[in-house]
Enquirer: 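Mind having a look at this structure? Questions to follow.
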Amino acid sequence: MKTLPKTDVVIVGLGAAGGVAADVLTAAGLKVIGLEAGPYLTSKDFVKQLDELHGWSGRNRLGDIKFNREIPTWRPDTITPAIPSPVVWPMMNAVGGASIHYATLSWRFRPDDFNIRTGTIRRYGEAAIPADAALADWPVNYDELEPYYDKVEYAIGVSGKGGSNPFEGPRRRDYPMPPLRPSGYARLAEKAMRALGYHPFPQPSAINSVNYDGRAACSYCGFCAGFGCWNDSKSSTLVTAIRRAEATGRLEVRPLSTVTRILTNDQGQTTGVHYVDASGETYEQPARFVILSSYVYENVRRLLLSRSDYFPNGLSNNHGQVGKYYMSHAYVGVMGLFPGLDLNAFNGAGGQSVVIDDFNGDAFDHSGLNFIRGATINAATTNLPIAAANTHPPDVPGWGPGYKDWLQHGARSVGPLYAQVETLPYHSNFLDLDPTHKDFRGEPLVRVTYNHYENEKRAGQFIADKLTQIIKKMGASQSWLALPTMPIPVNTHAYGGTRMGHDPATSVVNAYSISHEVPNLAILGGSTFVSTTGYNPTETIQALSWRAAEHIAQHFDALAV
Amino acid sequence: MSKQYRYFLPLARRQFIKGLGSATGTVMFARAGTVWSQSAAGEVAAYTPRTLQSVELATLKAIMARLIPADAHSGGAVEARAYVYVDRALSGFHAQHLPTYRSGLATLNALAQKQGAASVETLSVTDRDTLIARLEAGTVTEPIELDKKTFTLLPEGGKALFTLILRHTIEGTFSDPMYGGNQQFIGWQLLGYAGVQFYFSEQAQAINGRQAYTNRSIADFGGKPLP
């Protein structure tokens, strides 16, 4: 093992969160080493990958180097043996992380998301909270995070229309770019949503709607969610934050470098990390401050595997909180058949959609509904051939002449509505190390213990009814439930495991994402989330990362070792 | 457009424009309403499998021919050579499924022999459809004699095998032609998918705003099929 020269900060995982932290820390003058398990890819690689099988709905080749080799196992409860997860919505590994292949849906959470517990009790009483739910308020509120949402929207590049969503929190200024242009299908959906009295608005999206920051406007090529952007239009950290950080000369990116252990001294401080490179060579990288920003599963696993005398149950786990309050977004999908309409869906951007927030969070009165929270509802058509071939209505056979006929005459007339359903944190949903299943290095996989409960089922049914109502209004002659609400144990929208909070007895990190137990360790990403909300996580992950990095830089000498 | 911005990488742009020019010849291929015949795709018979035995390949083709059949309008899974996709994938990404194919296809031929045919391939179309429907329903639950000494059972009454073959047939028919299936863009043209394209105008995204066929595979832009 080679011991390398000490640096100010080592970042473990250079993705959506770590990339933003690198930008802020290097701008403040700190020297940063970014260790990324994945390769350093560019648009020259992505232009050769416009191939449905390459993407995440196919073979997820961008996850080959790490994620695909360590997919967590799953069990619904503690009495059922864990098995390889039957449902996997996959992550990827590269410099820039999953901000390379995400659909770019870029949201600010709403004010009521941050005080989910007290707000629920105030409006519906304590009895409205399910018995096993570990519902808690966030240790930050919307007003504290608003400046960082603004910084992220401008530094990363988000397209949208401020004020178009009547349910959003106050914002200091509009988005830096106008929304993506609506597709034909989005126009159809918008009209129906408005006719029903809802409040449709263009999806805020981290992709260039116009040329911005030296990067080209989106060309609507159709290879968006699940693919790297060949045109550098997508506002991944690869082409924004990391590019800027490298330009300072203070960020050294080390791709294909997998961290195996976070090191601690006898005072419970981190001293750096061990990592292994592509050739199998191992290194010790000393650092004054460590930022763990891989992903929910790997954040938890790396902490649990970094045991020491000071932390016998895993790093930052002396209160037994690492792995707790695991959450995963739920979805509902309804398809509609629009006879005679060619919906023309083989194109477009992942965030090119129309949305309503009318049934999300606490935007509507839940009295008498027997569930809390809700979902965002989204109309987007972007589709690719293999996926399209699997959208036949239930009364059309799935093979044979009838199927063939539908492929030819019906497939282009099927359009979806999707909802992203907020799920609650429960004491019975958690992550730990699988005692039997191991990865290719011989390390235990993460074991996901996760299930849905009544709140998720009732919310899912309520939202499915809304989807059906909207798609009928859009003119569908027939509609069907294509994606029922079901637990997605392994998800690109996974949360919790290192929850943020004020109390070390019920959380792992504080409001600045710094470990309660390790003063010079920060943990970034969805693993710090207190609730899922109905929104996509990335912009909030980045706002929290910015706020954390700014705090670390401002107090560096007090925090660092 | 200022020079620092780009819609197309230089290579992609050249290829794209070239693609538009040459596309029309093939566009008409599946859309002209001509009666499809095997002879229209002369090379169909000429594939030597790299993973499956030739009898296994013939059985697979006989099933695929019914899953997405050729008809008066266009070719189906066999004409698209989805079996080439599967045969290659069984040595690569789907290698873990090879044992399922091996035992499953042998079992299906044994079933066909019980019905007096030499193999699935020689079953009548009606008998093949009946067999596939039984697999889909998971009702092939009886022990099947493979030879004098060996009996076998299909997992889930055949449903698992059906699901696997159908899934791979769809993948093969509709994936990029560089993987071996979707030859002559038969699958994509069936769905009206125009091929890889780097830019769409607002009009091109409108409802009923159908695309001109580019008939481009990502291989035309440097893409390579990973195993």
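Each chain gets a letter, A, B and so on, in the order the sequences are listed, and its residues count up from 1.
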Enquirer: Against chain B, label A/Phe223 side chain, backbone, both or neither, depending on which of its atoms sit under 4.5 Å from a heavy atom there.
Expert: side chain

Enquirer: Within the 3.5 Å criterion, strictly below it, is a donor on A/Arg215 or A/Thr240 matched to an acceptor on the partner's side chain?
Expert: no

Enquirer: Of the listed residues (B/Arg66, B/Glu202, B/Met178, B/Glu136), which shares the most heavy-atom pairs with chain A below a 4.5 Å separation?
Expert: B/Glu202

Enquirer: Can you tell me which of B/Tyr179, B/Phe174, B/Phe93 forms the most heavy-atom pairs within a distance under 4.5 Å of chain A?
Expert: B/Phe93

Enquirer: Any side-chain heavy-atom pair from A/Leu343 and A/Val414 closer than 4.5 angstrom?
Expert: no

Enquirer: Given the options A/Asp405, A/Leu341, A/Ile386, A/Asp45, which has more heavy-atom pairs under 4.5 Å with chain B than any of the others?
Expert: A/Ile386

Enquirer: Quick one: of B/Ala133, B/Ala77, B/Ser201, who has the most non-hydrogen atom pairs under 4.5 Å with chain A?
Expert: B/Ser201

Enquirer: Tell me which of these, A/His54, A/Glu52, A/Arg181, A/Gln352, has more heavy-atom pairs under 4.5 Å with chain B than the rest.
Expert: A/Arg181

Enquirer: Name the region of A/Tyr403, side chain, backbone, both or neither, that has any atom closer than 4.5 Å to a heavy atom of chain B.
Expert: side chain

Enquirer: At a 4.5 Å cut-off on heavy atoms, which part of B/Leu166 comes close to chain A: side chain, backbone, both, or neither?
Expert: side chain

Enquirer: Can you confirm whether the side chains of A/Arg61 and A/Gln49 place a donor and an acceptor under 3.5 Å from each other?
Expert: no

Enquirer: Which atoms of A/Arg412 come close to chain B, meaning under 4.5 Å heavy atom to heavy atom: side chain ones, backbone ones, both, or neither?
Expert: side chain

Enquirer: Relative to chain B, which segment of A/Asn390 carries a heavy atom at a distance below 4.5 Å: side chain, backbone, both, or neither?
Expert: side chain

Enquirer: Taking atom types as modelled and ignoring hydrogens, do the side chains of B/Asn182 and B/Tyr85 form a donor-acceptor contact shorter than 3.5 angstrom?
Expert: no

Enquirer: Hey, what's the ring geometry for B/His94 with B/His168, parallel, tilted or perpendicular (30° and 60° as the breaks)?
Expert: parallel

Enquirer: Restricting to non-hydrogen atoms, name the atom on B/Val120 and the atom on B/Asn109 that form the minimum distance, rounded to 0.1 Å.
Expert: N-OD1, 2.9 Å

Enquirer: When heavy-atom pairs shorter than 4.5 Å are enumerated against chain A, which of B/Ala204, B/Gly187, B/Ser217 gives the highest number?
Expert: B/Ala204

Enquirer: Identify whether the distance between the nearest side-chain nitrogen and carboxylate oxygen of A/Asp213 and A/Arg243 falls below 4.0 Å.
Expert: no

Enquirer: Between chain B and each of A/Ala411, A/Ser413, A/Pro401, count heavy-atom pairs under 4.5 Å; write down the option with the most.
Expert: A/Pro401

Enquirer: Would you say the side chains of A/Thr104 and A/Ser205 form a donor-acceptor pair under 3.5 Å?
Expert: yes

